[in-house]
There are 2 protein chains.
Amino acid sequence: MNTLAEENYLKSIYHLSMDAGNVSTNQIAASLKTKASSVTDMLKKLADKALINYTRYQGVSLTPSGEKIAINIIRKHRLWEYFLVEKLNFKWDQVHDMAEEMEHISSAELIDRLDKFMDYPQHDPHGEPIPDCNGRFKAHELKPISALSVNDSGIISGVRDHTSSFLQYLEKQQLVIGKKIAITEIISFDHSVVLQVENIKEVHISREVANNLLIAL
Amino acid sequence: MNTLAEENYLKSIYHLSMDAGNVSTNQIAASLKTKASSVTDMLKKLADKALINYTRYQGVSLTPSGEKIAINIIRKHRLWEYFLVEKLNFKWDQVHDMAEEMEHISSAELIDRLDKFMDYPQHDPHGEPIPDCNGRFKAHELKPISALSVNDSGIISGVRDHTSSFLQYLEKQQLVIGKKIAITEIISFDHSVVLQVENIKEVHISREVANNLLIAL
DNA sequence: CTCATAATTTAGATAAGTCTAAATTTTTTA
DNA sequence: TAAAAAATTTAGACTTATCTAAATTATGAG
Ligand SMILES: [Mn+2]
Ligand SMILES: [Mn+2]
Ligand SMILES: [Mn+2]
Ligand SMILES: [Mn+2]
């Protein structure tokens, strides 16, 4: 259907569209670790296939059919990540690169059966919602810890940064998906935050960590 | 490591080497549904990488490192087939094309954990042996039904032909892996064979089917 | 042994995806 | 608002994997 490269571009454009409206050539290039000129070439191809809206120098957005493809790849990515963690006992910081390959396995029936096999999970190991077989999912309403105030509490439900080092740090601090936390203190000097983690212990995190750890209230 | 095309060539050469010694350009072309000239190009590349022994016009064989790669791909192919049948409930005639994609997922740790998850299966859904993580497996000593005599009996343990239509035919006749059969009669006119299937029923199969259904004695 | 045929390789072309360097357009800044 | 800077596109090249058509080598029938 679509090539591996095309799929990766569509997924990247989809993710970048979440933050901003139109996505720029340079943003895509950075996200795919490729050069702007390569991106321009691909944008022309995707526009020819009517998967993106593209006018020179103006950035791009996905068309409905482009978005459908992107969401399907994300569905596959997240289901495979869930499989790797829940069935094969990988850690949440180990699965991204493998899922990056597996998301391109083409069979729709395979992925629907995998979904059923795992009993239709709603979220991947990083708290991201998993689209259903029709591409529907509810975008989660999460706030970074840095947006909370003292005495606010909630449940750790997602991360903004997916790098291994960040996930490993969180794991070591027991700041993992599902844990209940409450804000004990916010240090005004550096905006670092002191948290109470489920009556287990107190953790002091930097502003950067607080920016990247997402809470459901 | 190696490209998808290179992996498919190595696997094809490995399989073709089972029947004959040196594998010819045309055999590879037929097996990969490509042209002889494309094969020649790839053979040069694989020879440069020291994965095959190649002298012009003389056909090829795998080097030890080429064989190791081929066996690893076959391991992945068969483990994924087993997964699709045993965990996702696909039929044995549905899994080949999916496994053809999945065999190229690169992570060795993933495949070793998958192996463990399924409790180290010895054979894929078609009865083919699954190499262990060191590439070792015991080649099965099977005979086609056409090589047996009246009153011989044994267990259905493999198939030579993996096409959907053949596998579906076998399934319909209940001639599946694990079933015990005995030769009741061999019709000398057309070499067709009458079988007793596990005291369940009698089946009459053509010479062609008898040639492609493998028995462990 | 010789020549016709079959098998294989070479030559030259194409498509996908990438790159560097140069040109163009947009945006920012002064 | 004009020049500088940044972003983007174009031009031309490269790699991988294909193909067709032509040339070469091997094989086997007589
Ligand atoms: Mn990918
Ligand atoms: Mn994830
Ligand atoms: Mn394959
Ligand atoms: Mn098989």
Side-chain angles (χ1 to χ4, degrees), chain A residues 1-14 16-17 19-62 66 69-70 73 100-101 103-104 106, chain B residues 1-14 16-17 19-62 66 69-70 73 97 100-101 103-106:
Chain A
M1 195 60 203
N2 300 286
T3 67
L4 188 143
E6 287 167 355
E7 291 188 346
N8 284 336
Y9 274 89
L10 291 172
K11 184 166 64 109
S12 168
I13 294 167
Y14 179 89
L16 293 167
S17 301
D19 316 325
N22 260 26
V23 178
S24 75
T25 301
N26 271 355
Q27 281 179 293
I28 299 168
S31 132
L32 293 176
K33 296 179 204 309
T34 183
K35 302 294 155 152
S37 55
S38 307
V39 174
T40 300
D41 287 345
M42 181 59 88
L43 294 184
K44 288 177 190 164
K45 201 191 309 179
L46 294 174
D48 284 346
K49 289 188 161 197
L51 300 175
I52 60 172
N53 307 114
Y54 173 55
T55 25
R56 293 179 6 160
Y57 295 101
Q58 300 309 131
V60 297
S61 61
L62 293 174
I69 294 167
I73 294 161
E100 205 61 41
E101 290 183 56
E103 71 192 2
H104 303 289
S106 56
Chain B
M1 195 60 203
N2 300 286
T3 67
L4 188 143
E6 287 168 354
E7 290 187 347
N8 284 336
Y9 273 88
L10 291 172
K11 183 166 66 109
S12 167
I13 293 167
Y14 179 89
L16 293 168
S17 301
D19 317 324
N22 260 28
V23 177
S24 75
T25 301
N26 272 354
Q27 281 180 294
I28 299 168
S31 132
L32 293 175
K33 297 181 204 309
T34 183
K35 302 293 158 154
S37 55
S38 308
V39 174
T40 299
D41 286 345
M42 181 59 89
L43 295 184
K44 288 177 191 164
K45 202 191 309 176
L46 294 174
D48 284 346
K49 289 187 161 198
L51 300 175
I52 60 172
N53 307 114
Y54 173 55
T55 27
R56 294 180 8 164
Y57 293 102
Q58 300 310 130
V60 297
S61 61
L62 294 174
I69 294 166
I73 294 161
D97 291 350
E100 205 62 40
E101 290 183 57
E103 71 192 1
H104 302 288
I105 303 294
S106 56

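We name chains A, B, ... by the order of the sequence lines, and we start the count at 1 in each one.
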Interface with DNA chain C, restricted to residues 28-43 of chain A and to heavy atoms under 4.0 Å: A:Thr34, A:Lys35, A:Ser37, A:Ser38, A:Asp41, A:Met42
Is any side-chain N or O of B:Tyr9 closer than 4.0 Å to OP1 or OP2 of D:dT16? no
[X] [atom1] to [N] [atom2]: how many Å, rounded?
X	N	atom1	atom2	answer
A:Gln58	D:dT8	CD	C1'	10 Å
A:Arg56	C:dT24	CZ	C1'	8 Å
B:Asn22	D:dT27	CG	C1'	17 Å
A:Tyr54	C:dT25	OH	C1'	12 Å
A:Leu4	C:dT18	CG	C1'	14 Å
A:Asn26	C:dT25	CG	P	18 Å
A:Gln27	D:dT9	CD	P	13 Å
B:Asp48	D:dT15	CG	C1'	14 Å

Which donor-acceptor pairs under 3.5 Å do the side chains of residues 49-60 of chain A make with protein atoms, sequence neighbours left out?
| unit_1 | atom_1 | unit_2 | atom_2 | d |
| --- | --- | --- | --- | --- |
| A:Lys49 | NZ | A:Asn2 | OD1 | 3.4 |
| A:Lys49 | NZ | A:Glu6 | OE1 | 3.0 |
| A:Lys49 | NZ | A:Glu6 | OE2 | 3.3 |
| A:Asn53 | OD1 | A:Ser61 | OG | 3.1 |

Dump the intermediate steps for side chain to side chain contact (heavy atoms under 4.5 Å, CB included) on A:Thr25 and A:Leu43, then the final yes or no. CA-CA 9 Å; A:Thr25 301; A:Leu43 294 184; 4.0 Å; yes
Going from [atom1] on [X] to [atom2] on [Y], what distance comes out if it is rounded to the nearest 0.5 angstrom?
X	Y	atom1	atom2	answer
B:Ile13	B:Gln27	CD1	CD	10.5 Å
B:Met1	B:Ser106	CE	OG	11.0 Å
B:Tyr9	B:Asp41	OH	CG	8.0 Å
A:Leu10	A:Ile28	CG	CD1	9.5 Å

Output all residues satisfying side-chain hydrogen bond (donor to acceptor under 3.5 Å, both in side chains) with B:Ser17, sequence neighbours left out; order by chain, then residue number. none
Provide a list of protein-nucleic acid N or O atom pairs under 3.5 angstrom, restricted to nucleotides 2-4 of chain D.
none

Spell out yes or no: do the side chain of B:Tyr57 and the base of D:dT24 have one donor N/O and one acceptor N/O closer than 3.5 Å? yes
Report the residues that fulfil salt bridge (Lys or Arg N to Asp or Glu O under 4.0 Å) with B:Glu7, sequence neighbours left out, ordered by chain and then residue number. none
How would you list all residue pairs meeting salt bridge (Lys or Arg N to Asp or Glu O under 4.0 Å) that involve residues 22-31 of chain A, not counting sequence neighbours? none
